[in-house]
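Right, one structure below, let's go through it.
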Amino acid sequence: MNKILLIGNLGRDPEMSYLQDGTAITKFSLAVSRPARSSGGERERETDWYNVTAWRQLAERCSQYLHKGSKVYVEGRLVQRKYMDKSGVERVSIDVTLTDMEMLTPKNQQPEGAPAGVGGGNFDDDLGDLGDHPF
């Protein structure tokens, strides 16, 4: 089974485009932070970055309702992609192809026009630090 579940914040606004056949595709970066301890024992946060791609109706929903800083829950599958960097060195990127998304940003912080409950964005209070949650 190839499945990944992430909760994080968008690092940039989603970028939507269309393939020649009219299929919508939206890409964005997702920052997932977790508490950690430094070598000196101090508390700090480590952040991992993921490239996320959504297709079709999910791509349109992401493009319409998400923006830089939005907190989201995403489900997807990992996809390995090889590419050449600027120096001509072959690199490997592990990307997430989205299969589901729920908005976690409280509705009073969502952009205007985002309906309540779209993608799970029907929260009345601030979610706070994810490290404080039991999941």
* **Stepwise side chain to side chain donor-acceptor pair (under 3.5 Å) check, Thr26 with Ser63** => CA-CA 6 Å; Thr26 296; Ser63 178; 4.7 Å; no

Salt bridge (charged side-chain N to carboxylate O under 4.0 Å, His left out) evaluation trace for Lys27 with Asp95:
CA-CA 10 Å; Lys27 296 181 179 187; Asp95 299 339; over 6 Å; no

CD of Glu90 to OH of Tyr83, rounded to nearest 0.5 Å, is 10.5 Å

Nearest heavy-atom contact between Gly11 and Lys68 is O-CE, 3.5 Å

**Message:** Side-chain heavy atoms nearer than 4.5 Å, only ILVMFWY residues, links allowed to pass through others: does that put Val32 and Val96 together?
**Reply:** yes

CG of Leu98 to CD1 of Ile25, rounded to nearest 0.5 Å, is 11.5 Å

Distance col, row Ile4:CD1 vs Thr97:OG1, nearest 0.5 angstrom, shows 11.0 Å

Evaluation steps, side-chain contact (heavy atoms from CB on, under 4.5 Å), between Arg37 and Glu42: CA-CA 5 Å; Arg37 296 256 181 217; Glu42 296 93 23; over 6 Å; no

Which pairs would a plain distance check flag for residues 50-58, meaning a side-chain donor or acceptor within less than 3.5 Å of a matching protein atom at least two apart in sequence or in another chain?
none

How about Gln80 and Ser93: do any of their side-chain heavy atoms sit closer than 4.5 Å? no

- [ ] For side-chain contact (heavy atoms from CB on, under 4.5 Å), just list the numbers for Val72 and Leu66, CA-CA rounded to whole Å, side-chain angles, deciding distance to a tenth of an Å, and then say yes or no.
- [x] CA-CA 9 Å; Val72 295; Leu66 298 181; 3.3 Å; yes

Smallest heavy-atom separation, Arg45 atom then Pro35 atom, equals NH1-N, 3.8 Å

Test item: Ser38 side-chain N/O and Gly40 main-chain N/O as donor-acceptor pair under 3.5 Å: yes

* Would you confirm whether Asn9, through its side chain, and Ala31, through its main-chain N or O, come within 3.5 Å as a donor-acceptor pair? => no

Discussion item. Assess the residue pair Glu75 and Lys3 against the criterion (salt bridge (charged side-chain N to carboxylate O under 4.0 Å, His left out)); give the C-alpha distance rounded to whole Å, side-chain angles, the decisive distance to 0.1 Å, and a yes or no.
Written reply: CA-CA 7 Å; Glu75 287 184 26; Lys3 186 169 189 172; 3.3 Å; yes

Same apolar cluster: Ile94 and Leu6, side chain cutoff 4.5 Å = yes

query = Heavy atoms, side chains only, cut-off 4.5 Å: are Met84 and Arg91 in contact?
reply = no

For the backbone of Leu78 and the side chain of Asn2, can you confirm whether one donor and one acceptor N or O come within less than 3.5 Å of each other? yes

**Request:** Decide side-chain contact (heavy atoms from CB on, under 4.5 Å) for Met103 and Tyr65; before the verdict, give the C-alpha distance in whole Å, the side-chain angles of both, and the deciding distance to 0.1 Å.
**Result:** CA-CA 8 Å; Met103 297 185 310; Tyr65 296 117; 3.4 Å; yes

NE2 (His67) and OG1 (Thr105) are apart, to the nearest 0.5 Å, by 5.5 Å

For Ala59 and Met16 the tightest heavy-atom approach is O-SD, 3.9 Å

When rounded to the nearest 0.5 Å, the distance separating CD of Glu44 from CZ of Arg34 is 10.5 Å

Taken to the nearest 0.5 Å, the spacing of Ser33 OG from Ile7 CD1 works out to 12.0 Å

For Trp49 and Ser29, the nearest pair of non-hydrogen atoms, with its separation, is CZ3-OG, 3.8 Å

**Prompt:** So with a 6.0 Å cut-off around CZ of Arg77, is the heavy-atom count from everything else above 12?
**Reply:** no

